[in-house]
Trainee: 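Quick one: structure below, then a few questions.
Fair warning: this is a prediction, and the values are worked out from it, not measured in the lab. Atoms within a ligand are numbered from 1 in the order they appear, just like the ligands themselves. For this chain, numbers begin at 1 and follow the sequence in order.
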Amino acid sequence: MNILVTGGAGYIGSHTCVALLEAGHQVTVIDNLCNSNADVLTRVQALTGRSLRFVHGDIRSRDDLARAFAGGIGAVIHFAALKAVGESCAQPLAYFDNNISGTIMLMQAMQAAGVERLVFSSSATVYGQPDHVPVKEDAPLRVTNPYGRTKLVMEDLIRDWCASRPELSAVLLRYFNPVGAHPSGQIGEDPRGIPNNLMPYIAQVASGQRERLHVFGNDYPTPDGTGIRDYLHVMDLADAHVKALDYATTHTGCEAFNLGTGQGHSVLELVRAFEHASGRKIPCTITQRRPGDVAEIWANPARAMQVLGWAAQYDLAAMCADTWRWQRDNPTGYA
Ligand code: NAD
Ligand code: UFG
């Protein structure tokens, strides 16, 4: 099948392109490169020995979408979005426009082209501060920032669209904390500026680009006082998209799935695991809690196992080893 991957030059999209090509699919990527570099697609093709079609364009442009759909598309995997929580608080309208308007334009283009299957990148952020962990898909949805609001709105819009016609199929994938890189060290996460997220920040401390990690609070009600998250290898995430696509081709309706390992790790556990993987010391300073952070959240991923036949395979040691290989071999990312 020819799969249109929006945001396919990004971190998770590029790893998913590798998995799709390896599974025998054809791939068309549409990306405006607002948070990525086209070199990644050269590396994806070199890694897989297969070519893909790249449309340099914006999902908010009807013309760009028409070019992307022109090749004959069987299904869409929709990654393209802005994703920085802090930036979304400062510029909510940019997030509403890019993420929500972009998704509406994409669904219109799918309808015009007669494409009936969609896999969507959602986020554990839709659960906000959960009442219980591990979190199941039927937990209350409540968001705490404009980025999270866009994910919740997009989920609702996709669900409503799906309900409008019986032949439509959508899979909403709620990622917990994606980390890691392709084991080859050829592709990985390449954040612009100072990383917001823990793993890329630690990796830059290990490689000497940053002096020390600031641990955002050690007074949470957790065993070591630092925040607990469900870190998930991006290779497992990529594999989940291939399985979700298979599901969308054989089922109709709209379904949501948690994607996580089902295990929580604290900030300090991640630091220790990264020190072990890299052989480098990660100097840490404890600072104030980061506003908006929850103490602990991890997934109950049972539904993804039961329905999609997916379960995470990579452990924390592999997540750290693969992040380190990518960081060590590409200290300036794709630049
Ligand atoms: P990323 O920024 O690396 O990738 C997103 C890609 O989309 C980028 O290449 C960017 O250039 C492109 N893009 C953005 N707006 C576009 C537009 N209007 N038109 C065309 N291309 C556009 O991010 P990622 O980490 O790979 O995340 C992918 C998806 O997963 C996003 O929807 C994100 O919200 C979601 N997600 C990410 C995480 C995470 O921690 N990385 C967690 C949960 C959910
Ligand atoms: N942390 C630090 N220091 C840092 C960065 C993070 O101590 O420099 C801590 C945070 O306080 C938190 C943990 O590391 O306890 C993880 O933080 P991340 O920023 O890596 O991840 P979050 O869980 O806060 O958020 C991420 C994405 C969100 C997404 C969410 C769930 O950034 O967009 O996962 O998928 F919604």
Trainee: Which protein heavy atom lies closest to atom 35 (O) of ligand 2, and at what distance to 0.1 Å?
Mentor: Phe176 O, 2.8 Å

Trainee: Taking 4.0 angstrom as the limit and counting only heavy atoms of Asn177, give me the atoms of ligand 2 inside it, by number and element.
Mentor: 21 (O), 22 (P), 23 (O), 26 (C), 34 (O)

Trainee: Hey, is ligand 2 close enough to Asn197 that some N/O pair sits below 3.5 Å?
Mentor: yes

Trainee: At under 4.0 Å between heavy atoms, is it the side chain or the backbone of Met199 that contacts ligand 2, or both, or neither?
Mentor: neither

Trainee: Counting only heavy atoms closer than 4.0 Å, does ligand 2 sit against the backbone of Tyr231, its side chain, both, or neither?
Mentor: side chain

Trainee: Atom 9 (C) of ligand 2: which protein heavy atom is closest, and how many Å away?
Mentor: Val267 CG2, 3.7 Å

Trainee: Counting non-hydrogen protein atoms only, what is the nearest one to atom 11 (O) of ligand 2? Give residue, atom name and distance.
Mentor: Asp293 OD2, 2.6 Å

Trainee: Does Gly225 offer a backbone N or O that forms a donor-acceptor pair with the side chain of Asn218 under 3.5 Å?
Mentor: no

Trainee: Heavy-atom distance under 4.5 Å between the side chains of Ser278 and Gln327, does that happen here?
Mentor: no

Trainee: What class does the angle between the rings of Trp326 and Tyr334 fall in, given that below 30° is parallel, 30 to 60° is tilted and above 60° is perpendicular?
Mentor: tilted

Trainee: Using modelled atom types and a 3.5 Å cut-off, is there a donor and acceptor pairing between side-chain atoms of Arg303 and backbone atoms of Ala256?
Mentor: yes

Trainee: Pick from Thr125, Asp230, Leu237: which one makes a side-chain contact (heavy atoms from CB on, under 4.5 Å) with Tyr175?
Mentor: Leu237

Trainee: Any chance you could measure Arg53, atom CZ, to Asn2, atom CG, to the nearest 0.5 Å?
Mentor: 7.0 Å

Trainee: For Leu198, which part has a heavy atom under 4.0 Å from ligand 2: side chain, backbone, both, or neither?
Mentor: both

Trainee: Show the atoms of ligand 2 that are less than 4.0 angstrom away from any heavy atom in Asn196.
Mentor: 5 (C), 19 (O)

Trainee: Is ligand 2 under 4.0 Å from a heavy atom in the side chain of Leu213, in the backbone, in both, or in neither?
Mentor: side chain

Trainee: Examine Val215 against ligand 2 and note whether any of their N/O atoms are separated by less than 3.5 Å.
Mentor: no

Trainee: Taking 4.0 angstrom as the limit and counting only heavy atoms of Gly227, give me the atoms of ligand 2 inside it, by number and element.
Mentor: 15 (O)

Trainee: Tell me if a side-chain donor or acceptor on Lys151 pairs with a main-chain N or O of Ser121 at a distance below 3.5 Å.
Mentor: yes

Trainee: Which residue and non-hydrogen atom of the protein lie closest to atom 7 (O) of ligand 2, and at what distance in Å?
Mentor: Phe216 N, 2.9 Å

Trainee: Quick test of your reading of the model: are Arg142 and Asp131 salt-bridged, counting only N-O distances below 4.0 Å?
Mentor: yes

Trainee: Distance from Trp310 atom CH2 to Lys243 atom NZ, nearest 0.5 Å?
Mentor: 9.5 Å

Trainee: Near ligand 1, which protein residues have a heavy atom under 4.0 Å away?
Mentor: Gly7, Ala9, Gly10, Tyr11, Ile12, Asp31, Asn32, Leu33, Cys34, Asn35, Ser36, Gly57, Asp58, Ile59, Arg60, Phe79, Ala80, Ala81, Lys83, Asn98, Ser121, Ser122, Ser123, Tyr147, Lys151, Tyr175, Pro178

Trainee: Going from CD on Glu137 to CG on Asn300, what distance comes out if it is rounded to the nearest 0.5 angstrom?
Mentor: 7.0 Å

Trainee: Does an N or O anywhere in Tyr201 fall below 3.5 Å from an N or O of ligand 2?
Mentor: no

Trainee: Between Gly188 and Ala181, what is the shortest heavy-atom contact and its length?
Mentor: CA-CB, 3.9 Å

Trainee: Could you check whether Phe79 and His15 have their ring centres less than 6.0 Å apart?
Mentor: no

Trainee: Which atoms of ligand 2 sit under 4.0 Å from any heavy atom of Tyr175?
Mentor: 35 (O)

Trainee: How far is atom 3 (N) of ligand 2 from the closest protein heavy atom, and which atom is that?
Mentor: His214 O, 2.8 Å

Trainee: At a non-hydrogen distance cut-off of under 4.0 Å, which region of Tyr147 contacts ligand 2 (side chain, backbone, both, or neither)?
Mentor: side chain

Trainee: For Ala80, is there any backbone N or O sitting under 3.5 Å from a side-chain donor or acceptor partner on Thr6?
Mentor: yes

Trainee: Atom 17 (O) of ligand 2: which of Arg229, Arg289, Arg290 has the nearest heavy atom?
Mentor: Arg290

Trainee: Less than 4.5 Å apart, any side-chain heavy atom of Thr103 and any of Trp161?
Mentor: no

Trainee: Keeping Asn330 on the side-chain end and Gly185 on the backbone end, is there a donor-acceptor pair under 3.5 Å?
Mentor: yes

Trainee: For atom 29 (C) of ligand 2, what's the nearest protein heavy-atom neighbour? Residue, atom name and distance, please.
Mentor: Ser123 OG, 3.5 Å

